[in-house]
2 protein chains.
Amino acid sequence: MNLAEQGLLLEQQLCFDVYAASRAINKAYRPLLEALGLTYPQYLVMLVLWQHEAQTVKQLGEQLQLDSGTLSPLLKRLESAGFLQRQRRASDEREVEIQLTEAGRALRQQASNVPASIFQALGLNASDYLELKRLLHQVMASVEANSPD
Amino acid sequence: MNLAEQGLLLEQQLCFDVYAASRAINKAYRPLLEALGLTYPQYLVMLVLWQHEAQTVKQLGEQLQLDSGTLSPLLKRLESAGFLQRQRRASDEREVEIQLTEAGRALRQQASNVPASIFQALGLNASDYLELKRLLHQVMASVEANSPD
DNA sequence: ACAAATTGAATTGCACACAATATAATTGCT
DNA sequence: AGCAATTATATTGTGTGCAATTCAATTTGT
């Protein structure tokens, strides 16, 4: 087997591992978030909003690296669920401001035990946790330098 | 801010990083694979088939951790594209055997430069590459121990 | 001032993911 | 042999992701 063919084997490793780990983590969140009526991407949006209540779609997209094609329908579902409201900003009618409802704020308390449960499920000690985070950031920085947004 | 609230901040870090890195990597593959007429999940299926030509849907699913709900339509698209054929196995008609076509085999040569390009784009040295792989495997093992397939 | 370019969201179209269900074939049990 | 349980795949329905397009509002250049 030549070098190129080896690549097509080794290849599958790291990138596939990131992809598989992402799906495995999503699966771990599912039962916890189901109790809150959220999917994992919806939970991420709520996390951002719990930190800073009023955000435009664009600001959410920048933090989550998601575009309006993903966020628009997701935010509508969260609005239907009663967790937030969407309204055009008066100062610039192109922007849509997202605000939590009381139910959306209340959900934060119910979610308070989720992070610890997940951390537990990941099975990493503190230093491995930080090391993994560092390596993922390095990968993202490199990849985005080559294929910018 | 109490501990639970801190978790809802820190929280976003590692799991979000894995999720964001997975999407960033997918984006890096996109232009390379577009030239081959493949998506990233389709490329993963082809990688497995290049290693071992004849596989059932179940065997592919075990290696990729994907179920028939994802694989069935994906394999039909690869069949439409002319890269593989699907046929019921005579010895057990519940199984569908996937076989590469000549075009599917030929695609391997065109893909031979993809792994090196991606490795380059990841911007990791060999030891970081292995460390990241190790940590992701550890996460997957822990997570799957808690929420088995 | 005002046409052209830009910006922010939404929409459309396509391709995953995955839970839940359905269907058909095989195996196991008696 | 015959029926229940199991197995392998497909289908359905919901929810992302993201490229490409559209549309309205704002900003820019002259």
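In what follows, every chain begins at residue 1, and chains take the letters A, B, ... in the order their sequences are listed.
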B:Asp92 CG to D:dT7 P, in whole Å, measures 12 Å
- Message: Could you check whether any side-chain N or O of B:Ser80 sits under 3.5 Å from a backbone N or O of B:Lys76, counting only pairs where one atom can act as donor and the other as acceptor?
- Response: yes
Note to self: Taking only side-chain N and O atoms of A:Gln42, does any of them lie within less than 4.0 angstrom of OP1 or OP2 on D:dT16?
What the structure shows: yes
### Task
Could you tell me whether the side chain of A:Ser68 has a donor or acceptor atom within less than 3.5 Å of a complementary atom in the base of C:dA10?
yes
- Check step by step if side-chain contact (heavy atoms from CB on, under 4.5 Å) holds for A:Leu33 and A:Leu36. CA-CA 5 Å; A:Leu33 297 182; A:Leu36 308 183; 4.2 Å; yes
For A:Gln99 and A:Gln87, the nearest pair of non-hydrogen atoms, with its separation, is OE1-NE2, 3.4 Å
Taking only side-chain nitrogens and oxygens of A:Thr39, does any of them come within less than 4.0 Å of OP1 or OP2 of D:dT14? no
Residue pair A:Lys27/A:Ser72 against DNA chain C: nearer the 5' end by closest nucleotide is A:Ser72
Considering just the side-chain nitrogens and oxygens of A:Arg77, establish if one lies under 4.0 Å of OP1 or OP2 belonging to D:dT16.
yes
Against the side chain of A:Arg88, the closest entry in C:dA9, C:dC18, D:dG17 is C:dA9
Taken to the nearest whole Å, CD/A:Glu34 to C1'/D:dG15 is 13 Å
In whole angstroms, the gap separating P of C:dC16 from OH of B:Tyr29 amounts to 16 Å
B:Lys58 atom NZ is separated from D:dT6 atom C1', nearest whole Å, by 11 Å
- Ion pair B:Arg134/B:Glu131, N-O distance below 4.0 Å: yes
Taken to the nearest whole Å, CD/B:Glu95 to P/D:dT6 is 18 Å
Atom CG of A:Asp67 and atom C1' of D:dC18 are separated, to the nearest Å, by 5 Å
Among the nucleotides C:dA19, D:dT16, D:dA25, whichever has the atom closest to the side chain of A:Leu74 is D:dT16
Among the nucleotides D:dA19, C:dA10, D:dA10, whichever has the atom closest to the side chain of A:Val96 is C:dA10
Check the phosphate of C:dA17 against B:Thr70, side-chain N and O only, distance under 4.0 Å to OP1 or OP2. Yes or no? no
Which part of the nucleic acid, if any, lies within contact of A:Arg89, taking any heavy atom under 4.0 Å across all strands shown: a base, the sugar-phosphate backbone alone, or nothing?
nothing
- Message: Check this one for me: any side-chain N or O of A:Lys76 less than 4.0 Å away from OP1 or OP2 of D:dT16?
- Response: no
To the nearest angstrom, the CD1-C1' distance between B:Ile98 and D:dA10 comes to 12 Å
Considering just the side-chain nitrogens and oxygens of A:Thr56, establish if one lies under 4.0 Å of OP1 or OP2 belonging to C:dA9.
yes
Between B:Tyr40 and D:dG17, is there a side-chain N or O to OP1/OP2 distance below 4.0 Å?
no
query: D:dC18 phosphate, OP1 or OP2: any side-chain N/O from B:Arg23 under 4.0 angstrom?
result: yes
With a 3.5 Å cut-off and just heavy-atom distances, do the side chain of B:Arg94 and the base of D:dT9 make a donor-acceptor pair?
no
- Item | Test: A:Arg105 and A:Glu102 ion pair at under 4.0 Å | yes
From CG of A:Leu71 across to C1' of D:dG15 the rounded distance in Å is 13 Å
Are the side chain of B:Arg88 and the backbone N or O of B:Arg94 linked by a donor-acceptor pair below 3.5 Å? yes
